[in-house]
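Note that the structure is a prediction, hence the values are computed from the model and not measured. Along the sequence shown, the residues carry numbers beginning at 1. Counting starts at 1 for both ligands and their atoms, following the listed order.
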Amino acid sequence: MELDRSDEEILSGEYGETRRVMLEILIALGKVYGAERLIPVSSVQVSGASYKTIGDAGLEWLNGLDARAVVPAFLNPIGMPRDDWRDMGIEDHFAKKQEEILDAYRRLGISLSCTCTPYYHNIVSYGDHLAWSESSAVAFANSVLGARTNREGGPSALASALIGKTPEYGLHIMKNRLPDLVIGVDDPSATKDWGPAEFGALGYIAGKEAGNRIPYFRGIRGNRDRLKALGAAMAATGAVALFHVEDITPEARVPFFKNSFSIEGKESITIPVSDVEAVFSDCEVNAVAVGCPHLSEDELRTLAGLLSGKKVKKEFFVFASKEMIDEHEDLVGKIEASGAHVYADTCMVVSPATDRLGSVMTNSGKAFSYLPAMCGVIPRLGTIEECVRVATE
Ligand code: F3S
């Protein structure tokens, strides 16, 4: 693998043992996947931030590292809101361990902006090379923004933060970004009226079909929030890191794509709208949770409108980034006037607060997929309107 002078100096130990080991991780990864060189990344998103998911072994590993990030780097959601963790029913022991994990990342120069939607707050441009690790953020960055990142693990993303580079393989190379599966629905006109929940249900089904392939959707209509929900669900039930939508996503419109890709001869599947509708279950739930992935400004506004003048009768959890919450205090105030709670830094899946709920309604196809295994709760999928109705009736 081609290394430059600064790589050689790092490997010689001149910049410390942590950097040396981190570069070796990147080189080993590159060799496995046939990379010829390392390329600079413009930002890094590091998963493995909740004490619930990394435990004491992860904390001990982080505490043994001694270096600082050399590119903008930020964290995935942690297991609790940093300010009001007691409100969420987090226990003291968990909070203490979570604080220690945050201290370790702070020492490593990672920004404590804990969100799976960093793209709302950090400038990502078309064609940027990134090293991001949260699967829904990876799908959104690649597909909706046209940036380029593989689906990194927590350690390889952290290595990229401390070195500033990633091995050039996989989705960093344009020819590897072409679709290998065509997906449609049997009544495309129905998708015009779909919201994020329906797109999440479509992704829930499509991800199982796609596995780790790159789907090309034909005939569907979706804005950014809907494509966010679609990608998040496909990344959960499959390992989809990139998808294209005919005439909508940026790469599907560039000459390289049009000249290099044809649907002729590609495997093609059609998902019946009735299958999408069948994902919406109907059972009693104890609580409602929305914000997987973290909510956008438009999603906060929609929720504030739906909850206006109403009071929730079930626990209602809302998740968004700290930056989004701080920028939209008016919307957050309207939501919380209903008795719902808006939390920063954390989410319904990586927080232990969800584990005690028994059953949860969500409008997220990704959460619908993860809640049983990660939190031991029975999930119910519903639209945002149904979530509000079930919480307030
Ligand atoms: Fe984000 Fe947590 Fe969902 S990290 S995508 S809110 S599982």
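- In this structure, S136 is part of the shell of residues with a heavy atom less than 4.0 angstrom from ligand 1.
- In this structure, the ring of Y216 has its center no less than 6.0 angstrom from the ring center of F243.
- Ion pairing of R356 with E315 is present here, as a side-chain N (NZ or NE/NH1/NH2) and a carboxylate O approach within less than 4.0 Å.
- Interface atoms of ligand 1 facing G291, defined by a heavy-atom separation under 4.0 Å, are 6 (S).
- Within 6.0 Å of CD in E24 there are more than 12 heavy atoms belonging to other residues, nucleotides or ligands.
- Residue-ligand proximity, C116 to ligand 1, at heavy-atom distances under 4.0 Å covers atoms 1 (Fe), 4 (S), 5 (S), 6 (S).
- Contact annotation for M348 and ligand 1: no heavy atom of the residue comes within less than 4.0 Å of the ligand.
- Within ligand 1, counting atoms from 1 as listed, the ones closer than 4.0 Å to a heavy atom of P77 are 4 (S).
- For ligand 1 and C347, the ligand atoms under 4.0 Å from any heavy atom of the residue are 2 (Fe), 4 (S), 6 (S), 7 (S).
- Using a cut-off of 2.8 Å, one finds that C292 contributes an N/O/S atom close to atom 3 (Fe) of ligand 1.
- Counting the atoms of ligand 1 from 1 in the order shown, those under 4.0 Å from a heavy atom of E134 are 5 (S).
- Of all atoms in ligand 1, numbered sequentially from 1 with element shown, those under 4.0 Å from a heavy atom of V349 are 7 (S).
- Here CG of D56 is found 15.5 Å from CH2 of W61. Values are rounded to the nearest 0.5 Å.
- Between F94 and Y51, the angle of the ring planes goes over 60°, which puts this pair in the perpendicular group of the 30/60° scheme.
- Metal site remark for atom 1 (Fe) of ligand 1: H294 contributes no N, O or S atom at a distance under 2.8 Å.
- A donor-acceptor contact shorter than 3.5 Å links the side chain of D7 to the backbone of D4.
- In this structure, I335 is a member of the same hydrophobic cluster as M324, with clusters built from ILVMFWY side-chain heavy atoms closer than 4.5 Å.
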